[in-house]
S.K.: 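Take a look at this one; I'll ask things after.
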2 protein chains.
Amino acid sequence: MSGPARRVTIRDVAKHAGVSVATVSRTLAGDYPVQPATRHKVLRAVRELDYVRNAQARALSVASPGAVAIVIDNVSSAYYAYIAQGVEEQAAAEGRLSLICTTGGDAERELTIVQMMREQRAEAVILVGSVVQDEDYRERMTRYAHWLAASGSRLVLAGRPPLGEGVPALTVGFDNTGGAHAVTSHLLSAGHRRILYLGLRPGHSTSDSRVAGYRAALADYRVGHDPALEVRCRFDRADGYAAMKQRLTDGPRDFTAVFAATDVVAAGAVQAIHDHGLRVPDDISIVGYDDTPPAEDIRLTTVHLPVAELGRTAVRLALSGKNPLTEPPLMLGTHIVVRNSVKRLENPR
Amino acid sequence: MSGPARRVTIRDVAKHAGVSVATVSRTLAGDYPVQPATRHKVLRAVRELDYVRNAQARALSVASPGAVAIVIDNVSSAYYAYIAQGVEEQAAAEGRLSLICTTGGDAERELTIVQMMREQRAEAVILVGSVVQDEDYRERMTRYAHWLAASGSRLVLAGRPPLGEGVPALTVGFDNTGGAHAVTSHLLSAGHRRILYLGLRPGHSTSDSRVAGYRAALADYRVGHDPALEVRCRFDRADGYAAMKQRLTDGPRDFTAVFAATDVVAAGAVQAIHDHGLRVPDDISIVGYDDTPPAEDIRLTTVHLPVAELGRTAVRLALSGKNPLTEPPLMLGTHIVVRNSVKRLENPR
DNA sequence: CACCTCCTAGAAAGCGGTTACTTGGGCCAC
DNA sequence: GTGGCCCAAGTAACCGCTTTCTAGGAGGTG
């Protein structure tokens, strides 16, 4: 660490090699004829000075591919991590750098980040997962969407609801209603009629569409919908545990099965069931959603989501050149994974 | 989508507002006196044209903070994801953007990425986790380390061994030997004497230091070290399952406890044990390492690693201005988490 | 009223590259 | 021997923004 590390520029290389900057630039680009002797002089100077081009400066004059920005709640939950992984993979495959930003679920921060990405001239901004969307948020994000479009960037909403008609944003997501319908039907066909839904608070778009599938399946089987069977908790394992525990302790035990809105919530619920001295699936059946890692460990029947594929698709969509105003939302299919958490009832009540 | 989206520049704003580009720049910077009337004219033009500064161009003239690059095997394994999360958090807190790149464990790709990060003028490059390090790799990475240092960037090795003396790279990691010693001692003090080590292939630095702790603890208890009790498999759950299954089927069942090098391997092993009709901890005790999510679900006694803290520390270290040549490696402490996977033996053999 | 000072805004020179245009030398044909 | 052509290398403008330096007008003072 001796002295101020002045970065070596193309001009230094030119001087060192005794040629003009143009020659250095051309040698490095390789798309213009340069005499072997000169090219060697240049390359030697480059080596001796440890010169590397400045990508930022380069981007000024040459139309280089911009970065892909992933804006995500956090990267430590498996669901988001897999999406991020998919985004990064595809971005790298298409020769783009990935910028990653976490919001911690804060809508305000998300808006700030989108602005930052405009300054960075990101080629694509991929908004992942849900965020509480009030009217103010929607209005501002819509404005940003127009700005991004005007400057040639793409906005992709991955796994979240569209912003509305006429907003230049691409959308890709899972068929949550269909998946919830399938997994609820699985319980119903096993003879369960009283199914507790353990989900996130209303207004949370992902949970809402899962509730919709749950209700639709009940309707298909002509089972009355009982609001008292819809319990709401927050996202994580501890919340699932607490909610289940409370229900087992205080509430009526008038259900034979549980549909947890996410596997993590299901994992918490399973632990509460065990702590209560009951067994899965013998005493209570349970299904989850997402097919994230805990599902396999607790032998949970759940709905598999192609999460990494969501990330990859988001990038492909962003770089595809499709018109964001006319391109319809893309829906990725889901499928149910049967493990060992549902018991078939012989005599359905 | 009408016409070629020409980006609006500071000159456009200047013309639109009827002032000079300098005035626009100064108004936006806010650090130079500008008449209220003029400033309003400028701001109106900015609003009307949806102008945002080009951060890349800006970086050319003003010494702006560079990005922090995270170079990581993948982001979908919980261990890495938490590190990445820590890095991103701290980078954001220090006003830096995070670039994320995955290598898929490919050393060659890692080297390429480091070069790319030099072009990007990243302020810090954080190499996370292990990669197979042959002589060629070490030599080239050492060269890159010097280059990065010469251009004022910081290289941080997070959770991997130092490159060697005189290499300008900062190092931060976990005390794996200590952790392995602690958890092995836990088994020994519970009366276990024949402990199977289920680890990664030799040469893998993380596994090697865990083996060292395992052997040291055995020595402390004056228990002979039996090479036949060290089984090697690969990283993931399926490999842990296969290795354990094979040992239970073919190998001698001459052990009462298992020390799995990672929780994920432990999770696979537990499943194999169950599939073999045995129970944990009644028939076989098992401990893991990392304290990643599966550990809680399978009630695994394991070693907790402050992974997010590793990420944060890496960033702090990189931006601290410490001399990478003289700064000693930083070791983050670990602690054992006792759950329910170890049985106390009454009559130790 | 002349002069000086202060304040604001403009002109222009970078930052580190790329590239259109220009130049000069070697080679060939007449 | 001279004109024409081609090729390699140099000159300089430009990418979008910041900032130093300079200019000019307002306002205060003798």
Side-chain angles (χ1 to χ4, degrees), chain A residues 4-43 45-46 49-66 116 118-122 151-153, chain B residues 4-43 45-46 49-66 116 118-123 150-153:
Chain A
R6 236 266 304 167
R7 302 197 114 122
V8 18
T9 76
I10 197 171
R11 266 164 259 267
D12 300 323
V13 177
K15 194 180 300 172
H16 192 85
V19 300
S20 74
V21 291
T23 303
V24 176
S25 178
R26 293 199 267 248
T27 303
L28 262 23
D31 56 357
Y32 192 93
V34 174
Q35 284 287 40
T38 329
R39 116 189 299 280
H40 285 132
K41 270 195 302 185
V42 170
L43 292 178
V46 165
L49 298 181
D50 289 339
Y51 169 74
V52 276
R53 291 189 287 201
N54 182 329
Q56 313 229 24
R58 197 149 187 269
L60 262 277
S61 32
V62 77
S64 48
M116 243 160 60
R118 273 190 85 204
E119 295 196 1
Q120 291 295 329
R121 299 291 187 264
S151 50
S153 300
Chain B
R6 238 263 307 166
R7 301 196 115 122
V8 18
T9 76
I10 198 171
R11 261 166 270 269
D12 300 324
V13 177
K15 194 180 299 173
H16 193 85
V19 298
S20 73
V21 291
T23 303
V24 176
S25 177
R26 293 199 267 250
T27 302
L28 262 23
D31 56 357
Y32 192 93
V34 173
Q35 284 288 36
T38 327
R39 118 189 298 280
H40 285 131
K41 269 196 301 184
V42 171
L43 292 179
V46 165
L49 298 181
D50 288 340
Y51 170 74
V52 275
R53 291 189 288 201
N54 182 330
Q56 313 230 24
R58 198 149 187 269
L60 261 275
S61 32
V62 77
S64 50
M116 243 160 61
R118 272 189 86 204
E119 294 195 1
Q120 291 295 329
R121 298 292 187 266
E123 188 172 352
S151 50
S153 299

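The model shown is predicted, which means the values in this text are computed figures rather than measured ones. Naming convention: chains lettered A, B, ... in sequence-line order (proteins, then strands); numbering from 1 in each chain.
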S.K.: To the nearest 0.5 Å, how far apart are CD in A:Q35 and OG1 in A:T27?
M.R.: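 A:Q35 atom CD to A:T27 atom OG1 measures 11.0 Å (nearest 0.5 Å).
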
S.K.: So if I define the base as every atom that isn't primed, P, OP1 or OP2, how would nucleotides 7-14 of chain C read as a B/S/- string at a heavy-atom cutoff under 4.0 Å?
M.R.: -BBBB--B

S.K.: Categorize A:S25 for me: base, sugar-phosphate, or nothing, with a 4.0 angstrom heavy-atom threshold over every strand shown.
M.R.: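 Base contact.
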
S.K.: Could you note down all residue pairs passing salt bridge (charged side-chain N to carboxylate O under 4.0 Å, His left out) where residues 9-20 of chain B supplies at least one of them, sequence neighbours left out?
M.R.: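 Applying salt bridge (charged side-chain N to carboxylate O under 4.0 Å, His left out) to every pair that reaches into residues 9-20 of chain B, excluding sequence neighbours, yields B:R6-B:D12.
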
S.K.: Check every strand shown and say whether A:V52 touches a base, only sugar-phosphate, or nothing at a heavy-atom separation below 4.0 Å.
M.R.: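 Here A:V52 touches the backbone only, sparing every base.
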
S.K.: Closest approach of B:V42 and B:A17, non-hydrogen atoms and distance?
M.R.: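 Scanning both residues completely, I find the closest heavy atoms to be CA-CB, 4.1 Å.
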
S.K.: Between B:S20 and B:R26, is any side-chain donor less than 3.5 angstrom from a side-chain acceptor?
M.R.: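 Absent: no donor and acceptor within the cut-off.
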
S.K.: To the nearest 0.5 Å, tell me how far A:Q120 CD sits from A:Q56 CD.
M.R.: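 These two atoms lie 7.5 Å from each other.
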
S.K.: Within this structure, what is the CZ-CG distance for the pair B:R39 and B:L28, rounded to the nearest 0.5 Å?
M.R.: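 The CZ atom of B:R39 sits 9.5 Å away from the CG atom of B:L28.
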
S.K.: Considering residues at least two apart in sequence or located in another chain, which fulfil the salt bridge (charged side-chain N to carboxylate O under 4.0 Å, His left out) criterion with B:D50?
M.R.: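 Partners of B:D50 by the salt bridge (charged side-chain N to carboxylate O under 4.0 Å, His left out) criterion come out as none, since no residue qualifies.
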
S.K.: Roughly how bent is the helix from C:dC1-D:dG30 to C:dC30-D:dG1 end to end, in steps of 10 degrees, with each end axis from five pairs?
M.R.: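 The value is 70°.
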
S.K.: If you define the side chain from C-beta out and look only at heavy atoms, does anything of B:R121 sit under 4.5 Å from A:R7?
M.R.: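 When only atoms from C-beta onward are counted, A:R7 and B:R121 do touch, with a gap below 4.5 Å.
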
S.K.: Got a sec, which residues hit side-chain hydrogen bond (donor to acceptor under 3.5 Å, both in side chains) with B:S61, two or more places apart in sequence or on another chain?
M.R.: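 side-chain hydrogen bond (donor to acceptor under 3.5 Å, both in side chains) check on B:S61 returns nothing, list empty.
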
S.K.: Provide, to the nearest angstrom, the distance between the CD atom belonging to A:Q56 and the P atom belonging to C:dG16.
M.R.: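 Result: 12 Å.
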
S.K.: Whole Å only: how far is the CG atom of B:L60 from the P atom of C:dT18?
M.R.: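 Computing the B:L60:CG to C:dT18:P distance gives 12 Å.
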
S.K.: Please identify the 5'-most and 3'-most nucleotides of DNA chain D with any atom under 4.0 angstrom from a heavy atom of chain B.
M.R.: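 Reading along DNA chain D, I get D:dG16 to D:dT20.
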
S.K.: Using side chain to side chain contact (heavy atoms under 4.5 Å, CB included) as the criterion, point out the one residue from B:S153, B:S64, B:P65 that pairs with B:E123.
M.R.: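 Of all the options given, the one that passes is B:P65.
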
